[in-house]
Amino acid sequence: QTHDAALGFAPRLAPMVADVSSELYRAAAAGKHLLFEGAQGSLLDIDHGTYPFVTSSNCTAGGVCTGLGISPKKVQSVIGVCKAYKTRVGMGPFPTEITGAVGEKIQKIGKEFGATTGRQRRVGWFDALVGKYAVMVNGVDSIALTKLDVFTTVEKLKICVAYKHKSGIIKNF
């Protein structure tokens with residue numbers, strides 16, 4: 001019965017089914033402006049992220065080409081969108097993690113809960129090394145910095161510009 005009900009939608013859905021790559025190619029050839037939006041962060045990318053704490057897809061700008069089947073030559077600019085602070089759901093390395101009252105305040109004001117799981121996100125200070133890395137692997141042309149307003153009640157801000165390790169100071173991600 002479920003199968004028959006699903007088939008009942010086929011005539012309504014049929015006009016909306018197409019080869020996405022071909023449709024995008026035609027639109028670009030016709031001079032249409034195309035805007036693509038990615039999800040998740042560069043460090044969750046299966047190839048360029050902090051394995052094994054990654055997702056199963058390509059979430060860098062290159063994923064637009066592989067996911068939609070368009071030529072990299074069609075991508076004219078890349079806008080990087082990032083928060084004024086770092087977040088992470090679940091396990092994984094997090095050198096700038098903020099714990100205690102300040103971290104809780106940022107979580108609350110920023111409404112930092114996982115969109116899918118509802119789990120509370122860990123928060124951390126802005127990590128400029130991660131930012132530079134994301135700009136590099138994505139070919140970012142400009143940046144949209146979000147959630148600056150979350151810091152209106154935080155007295156002292158910190159930005160990570162290097163990592164301290166037993167082998168010395170690390171200035172690249």
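Start at 1 with the first residue, then count along the sequence.
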Could you state whether [X] and [Y] fall into the same hydrophobic cluster, counting links through intermediate Ile, Leu, Val, Met, Phe, Trp or Tyr residues with side-chain heavy atoms under 4.5 angstrom apart?
X    : Y    : answer
L157 : I98  : yes
L129 : V135 : no
V161 : W125 : no

All pairs passing ring pair (Phe, Tyr, Trp, His ring centres under 6.0 Å) where residues 8-57 contributes a residue, at least two apart: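 Sorted result for residues 8-57: empty, none.
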With ring pair (Phe, Tyr, Trp, His ring centres under 6.0 Å) as the rule and sequence neighbours excluded, what pairs involving residues 147-173 come up?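 Every pair satisfying ring pair (Phe, Tyr, Trp, His ring centres under 6.0 Å) with a residue in residues 147-173: Y85-F151, Y133-F173.
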Quick one: are C82 and L145 in side-chain contact, heavy atoms under 4.5 Å?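 The answer is yes; the side chains approach within 4.5 Å.
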side-chain contact (heavy atoms from CB on, under 4.5 Å) evaluation trace for E104 with Q107: CA-CA 5 Å; E104 289 172 18; Q107 285 170 327; 4.1 Å; yes
Give the C-alpha distance, both sets of side-chain angles, the deciding distance and a yes or no for side-chain contact (heavy atoms from CB on, under 4.5 Å) between F126 and T96. CA-CA 7 Å; F126 187 82; T96 67; over 6 Å; no
Closest contact, heavy atoms only, [X] versus [Y]:
X    : Y    : answer
C160 : A162 : SG-O, 3.4 Å
C59  : Q40  : SG-OE1, 4.0 Å
G110 : V150 : CA-CG2, 3.7 Å
V123 : G103 : CG2-O, 3.5 Å
P15  : P11  : CD-O, 3.4 Å
R121 : V89  : CG-CG2, 3.2 Å

Under the salt bridge (Lys or Arg N to Asp or Glu O under 4.0 Å) rule, what pairs show up with a residue in [range], not counting sequence neighbours?
range            : value
residues 149-173 : none
residues 85-103  : E97-R122
residues 22-36   : E23-R26

Donor-acceptor pairs are to be reported for all side-chain atoms of residues 73-81 against protein atoms at under 3.5 Å, with residues two or more places apart or in another chain.
none

Ignoring hydrogens and angles, tell me if any N or O in the side chain of D45 forms a donor-acceptor pair with the backbone of D47 under 3.5 Å.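 Pair found, side chain donor or acceptor close to backbone of D47.
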Approximate separation, where rounding is to 0.5 Å, of [X] [atom1] and [Y] [atom2]:
X    : Y    : atom1 : atom2 : value
T60  : I46  : OG1   : CD1   : 11.5 Å
I106 : K83  : CD1   : NZ    : 11.0 Å
K132 : D127 : NZ    : CG    : 10.0 Å

State whether the number of non-hydrogen atoms from other residues, nucleotides or ligands found under 6.0 Å of I159 atom CD1 is greater than 12.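 No, because the 6.0 Å sphere around CD1 of I159 holds 12 heavy atoms or fewer from other groups.
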side-chain contact (heavy atoms from CB on, under 4.5 Å) assessment of T50 paired with F94: CA-CA 10 Å; T50 52; F94 204 173; over 6 Å; no
Verify side-chain contact (heavy atoms from CB on, under 4.5 Å) between T152 and I109, making sure each step is shown before the conclusion. CA-CA 10 Å; T152 56; I109 295 170; 5.8 Å; no
